[in-house]
Amino acid sequence: MSAGDKLFGRLLNRHPPPPLETLQAPSMPGVGLQMHLDADGRVLHLTGPLRHVLAQQVPGARAPHLLDFLLPHCSLVVEGTPSDWQGQALDLDFYTLSGQTLHLRGWVQPLAEAWLLQLLDIGDLLLERRQSQVREQCQLLALQIGEQLRLCSLTRLPEMLTEQLQCLAQRFHIPCIALALLDEQEQGWQIHQHFSGFDAPQLWQTGQRLGTGLDSLNGSAPQHLNPLEHPRLQGIFGNAEGFVVPYHDAQGVAAWLLCGCYPAQQRAPDVSERDWLQFAAALAGPLLERSREHRHHLQMERLESLQALLGTGWWEMFSDRAEVQLAPSLASALNLASERLALNDWLDQVHPADREELRSRLQDLLDEGTPLLLCVRSYRPDAALPPSWYRLQGQALGVGRHRRLVGFMLDISDIKNQEQHAAAAHARLDNLIASSPAVIYVQRYVEGALQPTFFSDSLLPLLGWTLDDCATTALVERVHPEDRDRYFERTRQLLREGSVSARYRLRDSRGDYHWLLDEAKLLRDDLGLPVEAVGLWLDVTEATLAAEQVKQSEERYRILVEDSPAMICRYRPDLSLSFGNRPLAAYLECTPEQLPGLNLGNWMSAQQRESFIQRLARLSPEFPVSTAEINLQLPGREHAWWVWSDRGVFDEHGQLLEIQAVGRDNTEVRRSQQQLTQSAKMATLGEMATGLAHEINQPLNVMRMAIINVLKRLGNGDVQVDYLTDKLNRIDAQVQRAARVVDHMRVFGRRSEIEQQPFNPAQAIEGTLSLLAEGMRGKGVDLRISETGFEVQVRGYVDQLEQVLINLMVNARDALLSKRETNPEFKPWIAVYAERDQQWVRLWVEDNGGGIDPRLLERIFEPFFTTKPVGVGTGLGLSVSYGIVENMGGKLSVRNSTEGARFCIELPVVQVD
Ligand code: ADP
């Protein structure tokens, strides 16, 4: 330590005053000020260079007191007399001539009888001390500010910044203070936060844009802004004086502290530039740091969540330790307990199939710095799920010892799965196309023409062609000559309308033709100009031929149905027609098209319709067919008889849906049958003429006898009224009898009714007897008629049954009479009797004429079979009778009894309500 240092140390009160013996040292007349004082403190003598600047308070006094040179507050320091001050350092402020205070420090020491006050100028030292105090305070303040801003919560940060600005403003009396930061786009400065004193002008607002004017300043030191010198900044400071302090970070000026309406040098002369820079740093530093941190935090957060979302994460490898660090999201995706693990453990997570490749690639990355890009599968031996796919990328950062290996792992299972699906689908499609009967082709559009450029592999198996065989001209040659027009039209339509579907035949390599269905579409570019046609050929040969055959067979069927002479139709259970062919339409006098909807019942009587429907009701899936002769009233015709076959069509529940029917007109047959019956009847009548003559003669004879007797009595004049009445009544009875016979003949001679009626067969027996009985008896034939009077009904025509009975009785009579011719003793008889049960009624006609030769039994019902001489027998009697009985639903049969023939008419009983 030099003497000077010791001195300053003492002067600065850092050390106790020197011991008295050292104070005995000679005075230092060359420096400072020496005052010789008397015992009271009066100044005796002054030496030293500073004596010239002193100003005496009471000038001219002879022996001024020390106090006369001192500022009033120093009187406390020099209380008493110099002997009291010994051993003390005295800090004294002197008046000077210039008016400025002179700060001196000194001490008293005895000198002979007087005292020497030795003083040195400590003005500079004091200034320095004050400044260092200010600096210390500023530093403290800056520290506090920085601390507050660093420690407060993020939400309170803006508020805290305002508070700190306010604190600065108040401390240094700054009217307007603000902190400006670069705006978000970093294109200019922006007021981030500001504070204005109570009565200060509002120079700024938060968020106010300041432009780039501040950039023109030298950003290394605080600067006073004079509006005249910085016209670009006038606006910012409202034409008032200003003071700006920059804050630097690594990139340069990052913030400005603005003080408005503030002449800093005057207001805060002791605050150094460094202090201002500190304040700016204390405000802006933590603020920027925290906002950077916050941004960083957000970014990290974003990154983390993105990594989690993508199933990705970073990894870093420490080659020296063979260890790997993984991002937390990645570690959890891989189900790892720790984020840091040995390289081998990490490799164990990779499927054995990919493991060695990854290891080698990592080695390349480590040794050569070759970037790593690999897709690997994760390995979970115990998991049932398929492995996840990861894309692993890595690169080396830095060189030498500081080389770091970093990268990321991205879960690409989705993409891989899709790729695999797509590849499988593609393969399937390729396979399908190659093995399908379809050929997919592309034709390129060149100046209005379509040139084949691609055919799928199925071309060869289908047609035996290669692409070369399909050049435009070659293709046309392979089109069937009959189909070429179609082929050209197909191309024109494709170009015109953009799509087409056509069929034509193509010749394969063996010379066989294939029917192809060609479906094509024209693809156009953005301008709508044709680019190419894409289409497919489908081999439809079989389908086309089959369709052709179906068409032909349908046509044949149609012709068969249409042109059939039979009536063919389909109708619903309510008898409404859904289809009918031409013959049916012709009968019903309309066209086949008009038939659907018409009701067959329209041409039937109510009764016919009812029995028709009853017959349909008996159809069932087991017995779906029924045939009957039906009778209709057709337009313009009397009656039509159709032999009608129905076949029911049923649904799965056995419900009748529809009836298909075939009919044949039987009217002519029916009519000739009727004519036959009629002529047979006439023949019968003819036969009966003899019997009839007798039948009518008998009453005539009775009447004649009665009239003769009456006339005789009249001649005698012996006529009584009673007698006369009796005779006339007898005549009347005989007239009635004859009239009955004639009446019956008339009825019998008529044609049968069209419709069958229920009647009692006894009626027919009665009618027969009324015609034949007299004649038979007249010929000596004994008639044995049993009681047949039971109430039973059969359906048919009473006259026809009568005709049958007449035939049987006449045949019996003939047999009897011819037998009697050979044997006059013979007693002929005919028995007629009946019996019935629930279902049948049987009428028997029996004779004792010897019967029929058994060899002839088979044939007697044949038409025209007779054993009688020509002109006598017709051979129709039994045949017609057989038809009549059958038509009534019954049966005519014959047997030989012991004495003769026994005929049986068997008829179904009709239940009449
Ligand atoms: P036709 O009486 O005109 O000969 P039919 O058909 O009535 O025709 O009779 C056929 C034949 O059957 C007769 O010719 C006769 O030979 C025989 N026949 C019919 N009825 C009798 C009967 N009751 N006894 C014997 N023969 C009979």
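One-based numbering, in listed order, for ligands and for the atoms of each. The structure presented is a predicted model; accordingly, all values stated were derived computationally and were not measured.
Here Trp642 and Tyr587 bring their ring centres to under 6.0 angstrom of each other.
At least one heavy atom of Ala812 lies less than 4.0 angstrom from ligand 1. Ligand 1 has no atom lying under 4.0 Å from any heavy atom of Ser881.
Under the 3.5 Å distance criterion, the side-chain polar atoms of Asn666 are left unmatched by any main-chain donor or acceptor of Trp641. A donor-acceptor pair under 3.5 Å is formed between the side chain of Thr541 and the backbone N or O of Trp515.
Distances from atom 6 (O) of ligand 1 to the heavy atoms of Leu816, Leu857, Leu878 show the closest one on Leu878. Among Thr866, Val810, Val880, the residue whose heavy atom sits closest to atom 4 (O) of ligand 1 is Thr866.
Counting the atoms of ligand 1 from 1 in the order shown, those under 4.0 Å from a heavy atom of Ile860 are 12 (O). The distance from ligand 1 to the heavy atoms of Ile852 drops below 4.0 Å at these ligand atoms: 25 (C), 26 (N), 27 (C).
Put simply, CD1 on Ile830 and CZ on Arg813 are 8.0 Å apart, with the number rounded to the nearest 0.5 Å.
If you look at Leu808 next to ligand 1, there are no close heavy atoms at all, none under 4.0 Å.
For Glu835, the salt bridge (Lys or Arg N to Asp or Glu O under 4.0 Å) test picks out Arg842, with sequence neighbours left out.
In terms of polar-atom proximity, Asp847 is counted as a contact of ligand 1, with an N or O under 3.5 Å from an N or O of the ligand.
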Check residues 725-734 and write down every donor-acceptor pair under 3.5 Å in which the side-chain atom is one partner and the other belongs to a residue at least two apart or another chain.
| from | atom 1 | to | atom 2 | distance (Å) |
| --- | --- | --- | --- | --- |
| Thr725 | OG1 | Val721 | O | 2.8 |
| Asp732 | OD2 | Gln736 | NE2 | 3.3 |

